[in-house]
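These notes concern the structure reproduced below.
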Amino acid sequence: MNNKYRNVYCGNVDASFEGKEVRIAGWIDTIRNLGSLVFMTLRDETGIVQLISNDVETYTKLNRESTVTVTGKVRRRTLDMVNPNMKTGEIEVEILTLEVLGDVYKTLPFEVKTSKTSSEETRLKYRYLDLRNSEVHERIIFRSKVIDFIRSTMKDMDFTEIQTPILTASSPEGARDFIVPSRKFKGKFYALPQAPQIFKQLLMCSGFNRYFQIAPCFRDEDPRSDRLYGEFYQLDFEMSFAEQEDVFKVGERVFYDTFTKFSDKYVSPLPFRRIPFKEAMERYGSDKPDLRIPFEIENITELLKNSESVVFINKVIRAMKVESSDKSNSWYKKLEEEYKELGVSSLGFVKMDEENNMVGSMAKLFSDTEKQELINRFNLVTGNVLFIICGDNTEKFQKLCGNLRLRIANELSLIDKSRYEFCIIVDFPMYEWNEEENKYDFTHNPFSMPSGGLESLNTKKPDEIVACQYDFVCNGLEMASGGERNYSPVILKKAFSIAGYDETVVESKFPSLYQAFQFGAPPHAGMAPGIDRILMLLKDEENIREMVAFPISANGSDALMGCPNEVFESQLRETHIKIRD
């Protein structure tokens with residue numbers, strides 16, 4: 001490298017350059033004026049190097065974060081001045097010339113080195129400064145490396161990378177669309193794709209064997225710490241003439257290879273554990289279980305079916321055992337009160353004391369026989385705690401049990417954070433009941449094939465139909481979702497009719513797919529791992545926005561670009577839009 005501004009990067013200047021003249025460029029990181037000497041550090045993407053000069057007066061007005069180009073002579077530091085914490089700590093550069101390229105004219109809104117201590121709103125408003133922070137900057141470099149690796153992995157498995165459109169048609173796929181008004185077609189709109197779902201299925205109908213892309217997806221959903229607002233990226237892939245297990249092998253390789261390469265943590269061995277949806281809800285109270293937690297939810301309804309306590313009569317009863325707890329009685333009491341407010345009929349605990357007697361808020365509710373049965377069932381010994389939760393046989397109760405499991409594990413520090421525990425949730429219900437609209441909705445992807453095909457749709461109740469769809473889960477987070485696709489126009493019409501969409505809706509909302517299936521569509525399947533969430537887990541970040549160069553804030557606004565914002569009246573007229581009061 002040899003250009004007008006530098007012939008070597010800051011982080012690459014080492015003892016091999018001793019006595020040589022170098023030209024470097026970057027940002028002024030620190031300035032120390034010792035009266036007779038001035039020390040500075042110059043920073044670029046590769047690292048930091050120390051500058052030194054005895055021309056103190058020349059540099060009194062130099063500002064930190066200014067960009068400069070420096071010509072200097074490299075010299076080795078004395079042994080007592082070597083900085084082992086710096087990549088370039090053995091040398092320093094004596095300044096011969098320094099030219100300010102871009103000066104700093106305003107007060108910095110925060111210190112770059114400590115930008116992560118500032119509010120997220122301020123950081124995102126000045127994101128270009130925040131990204132100068134070495135830790136924040138490294139996250140984006142890391143993102144590039146992981147995506148490169150995933151892309152090469154897919155190509156190694158003979159997948160063809162194909163880009164699909166950003167402007168497309170609105171379709172009912174589960175989330176709110178971002179719509180784009182048309183200038184040429186009055187009163188009509190494009191939509192940004194929630195996912196490339198339809199296009200990748202069309203590619204299978206087009207004769208492509210294996211497709212993938214690192215795809216941008218757009219959904220108007222409320223953000224969370226693990227979900228971006230507006231725009232996110234997924235590894236989207238699809239395979240023709242493929243079944244569920246074919247997809248699993250690809251997904252397992254992508255996840256296993258990526259997580260073992262970019263982390264030193266334990267990763268679940270292949271093949272990942274398969275867990276049916278019903279089993280996941282019963283044992284973990286969640287369709288995205290955290291398998292790092294060392295206990296599960298156990299059904300003890302049968303064990304207490306003859307209980308004389310009114311607490312247990314006609315109730316579903318679940319229990320969770322933990323080895324020990326040092327929490328006070330007030331902690332247990334608070335937990336009991338909170339979950340009763342959330343909707344459980346009762347929550348309590350029993351504990352084995354030093355004499356192996358059962359004590360605790362529910363101990364008096366059990367007969368001696370029931371106590372012994374619980375001790376035998378859970379192998380209870382001194383110090384063990386058994387949480388017992390009662391409620392009705394509903395999905396809400398199952399989820400509250402799962403929430404309690406996670407809460408206990410977090411507050412008792414029982415989650416092993418040195419592991420990535422993967423599983424695949426299978427056999428999802430095809431439909432779920434929407435109480436607000438008094439109808440069935442698709443549980444997941446409306447394009448999934450029902451298990452058993454048309455016969456299942458014709459002969460089973462909607463809530464009994466199982467879909468050929470699946471989720472990859474890691475550490476309590478959904479990492480990917482996919483399924484075997486419904487490629488039959490006959491089955492597709494029937495599936496949508498159960499969800500309240502007649503044939504005209506299917507044809508109007510999915511015209512391309514509906515037509516394509518009339519001309520010899522192949523069986524096909526695929527899935528879509530979330531890129532941003534993969535990166536978040538690999539870096540142990542609690543906030544997914546840390547893994548994106550220019551994210552939108554949690555409230556859905558972008559302080560950096562000043563959007564959403566108003567547009568000119570002429571733009572509204574061109575797109576035939578009038579803003580209502």
Side-chain angles (χ1 to χ4, degrees), residues 116 120 123-124 127 130-131 133 135-154 161 163-164 166 173-178 192-197 200 212-237 250-251 254-263 265 267 288 290 417 420-422 444-445 471-482 526-558 560-561:
K116 291 191 74 172
E120 184 178 71
R123 290 177 62 200
L124 295 185
R127 184 63 167 170
D130 186 40
L131 286 168
N133 179 308
E135 182 183 352
V136 181
H137 195 93
E138 188 274 337
R139 294 290 188 265
I140 309 306
I141 301 296
F142 180 78
R143 180 186 182 97
S144 175
K145 292 177 180 178
V146 172
I147 290 176
D148 279 350
F149 177 78
I150 290 173
R151 179 175 274 114
S152 65
T153 299
M154 297 304 291
E161 186 172 11
Q163 288 73 43
T164 55
I166 296 301
E173 294 183 40
R176 297 183 189 90
D177 285 324
F178 284 98
L192 305 183
Q194 293 183 27
Q197 182 66 48
K200 69 180 181 181
F212 90 99
Q213 69 172 314
I214 307 297
C217 304
F218 305 89
R219 297 178 188 175
D220 189 1
E221 293 181 305
D222 292 335
R224 301 187 305 238
S225 61
D226 65 341
R227 184 171 71 191
L228 292 163
Y229 175 73
E231 179 180 357
F232 63 94
Y233 283 78
Q234 64 187 33
L235 166 62
D236 200 59
F237 71 86
V250 174
V254 169
F255 280 114
Y256 185 81
D257 287 6
T258 301
F259 276 76
T260 52
K261 179 175 177 61
F262 291 98
S263 175
K265 291 185 180 183
V267 181
K288 43 182 181 292
D290 192 336
K417 297 186 177 180
Y420 291 117
E421 288 286 358
F422 281 91
H444 262 32
N445 192 315
D471 284 354
F472 275 60
V473 172
C474 180
N475 294 1
L477 292 174
E478 179 190 320
M479 303 301 294
S481 186
M527 72 178 206
I531 294 292
D532 311 289
R533 202 165 283 177
I534 288 172
L535 295 163
M536 175 187 173
L537 268 189
L538 285 171
K539 280 298 184 181
D540 287 324
E541 281 288 357
E542 294 184 359
N543 186 342
I544 198 169
R545 289 182 290 281
E546 294 289 349
M547 304 311 302
V548 180
F550 296 104
I552 290 178
S553 70
N555 66 11
S557 66
D558 184 347
L560 174 64
M561 302 303 294

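Keep in mind that the numbers below use all heavy atoms, side chains included, and drop hydrogens, waters and symmetry copies. Source: prediction; values computed, not measured.
- The closest side-chain heavy-atom distance from Val548 to Phe232 is not below 4.5 Å.
- Checked against side-chain hydrogen bond (donor to acceptor under 3.5 Å, both in side chains), Asp220 has the following partners two or more places apart in sequence or in another chain: Tyr229.
- Residues Met547 and Val146 have side chains not in contact (no heavy-atom distance under 4.5 Å, counting atoms from C-beta outward).
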- Message: side-chain contact (heavy atoms from CB on, under 4.5 Å) for Met479 and Arg533? Distances and angles first, verdict last.
- Response: CA-CA 7 Å; Met479 303 301 294; Arg533 202 165 283 177; 4.0 Å; yes
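- Nearest heavy atoms, Ile544 versus Arg224: CG2-O, 4.3 Å.
- Residues Ala549 and Ile140 approach most closely at N-CD1, 3.5 Å, considering heavy atoms.
- To the nearest 0.5 Å, atom CD1 of residue Ile534 and atom CG of residue Leu477 are 11.5 Å apart.
- Ionic pairing of Lys116 and Glu541 is present here: one or more N-O contacts between side-chain nitrogen and carboxylate oxygen are shorter than 4.0 angstrom.
- Rounding to the nearest 0.5 Å places CZ of Arg545 at 7.5 Å from CG of Leu228.
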- So Glu478 and Arg227, salt bridge (Lys or Arg N to Asp or Glu O under 4.0 Å) or not? Walk me through it. CA-CA 11 Å; Glu478 179 190 320; Arg227 184 171 71 191; over 6 Å; no
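- Applying the side-chain hydrogen bond (donor to acceptor under 3.5 Å, both in side chains) criterion to Asp222, with sequence neighbours excluded, gives no partner residue.
- With sequence neighbours excluded, the residues that form a side-chain hydrogen bond (donor to acceptor under 3.5 Å, both in side chains) with Asp471 are His444, Ser481.
- Annotation: side chain of Phe149 is in contact with side chain of Asp257 (closest heavy-atom distance under 4.5 Å).
- Heavy atoms only, all atoms of each residue included: Phe237 and Gly251 are closest at CZ-N, 4.3 Å.
- The distance from the CZ atom of Arg127 to the CD atom of Glu120 is 8.5 Å, given to the nearest 0.5 Å.
- Here the CD1 atom belonging to Ile147 is positioned 5.5 Å from the CD1 atom belonging to Ile531, to the nearest 0.5 angstrom.
- Between Asp226 and Lys288 there is no salt bridge, since no side-chain N of the basic residue sits under 4.0 Å from a carboxylate O of the acidic one.
- Going from atom CZ of Phe255 over to atom CG of Leu537 covers 9.5 Å, rounded to the nearest 0.5 Å.
- At least one side-chain heavy atom of Leu192 sits under 4.5 Å from a side-chain heavy atom of Ile166.
- Phe262 and Phe142 have their aromatic ring centers within a separation under 6.0 angstrom.
- When only modelled atom types and interatomic distance are considered, Asp236 and Gln234 share a side-chain donor-acceptor pair under 3.5 Å.
- Residues Lys417 and Asn475 have side chains not in contact (no heavy-atom distance under 4.5 Å, counting atoms from C-beta outward).
- In this structure, Ser225 and Glu542 have side chains that are not in contact, with every pair of non-hydrogen atoms separated by 4.5 Å or more.
- Two residues are said to be in side-chain contact when any heavy atoms from C-beta on lie closer than 4.5 Å; Tyr420 and Ser263 meet this criterion.
- Residues Asp290 and Glu421 form no side-chain contact, since every pair of their non-hydrogen atoms from C-beta on lies 4.5 Å or further apart.
- Nearest heavy-atom pair across Cys217 and Pro196 is SG-CD, 4.2 Å.
- The shortest non-hydrogen separation linking Asp532 to Tyr233 is OD2-N, 2.8 Å.
- Residue Ala480 comes nearest to Pro529 through the heavy atom pair CB-CA, 3.4 Å, listed as atom of the first residue, atom of the second, then distance.
- Separation of atoms CD (Glu161) and CZ (Arg151) is listed at 4.0 Å; rounding is to 0.5 Å.
- With respect to Lys539 and Glu135, no salt bridge is recorded, no charged nitrogen being found less than 4.0 Å from a carboxylate O.
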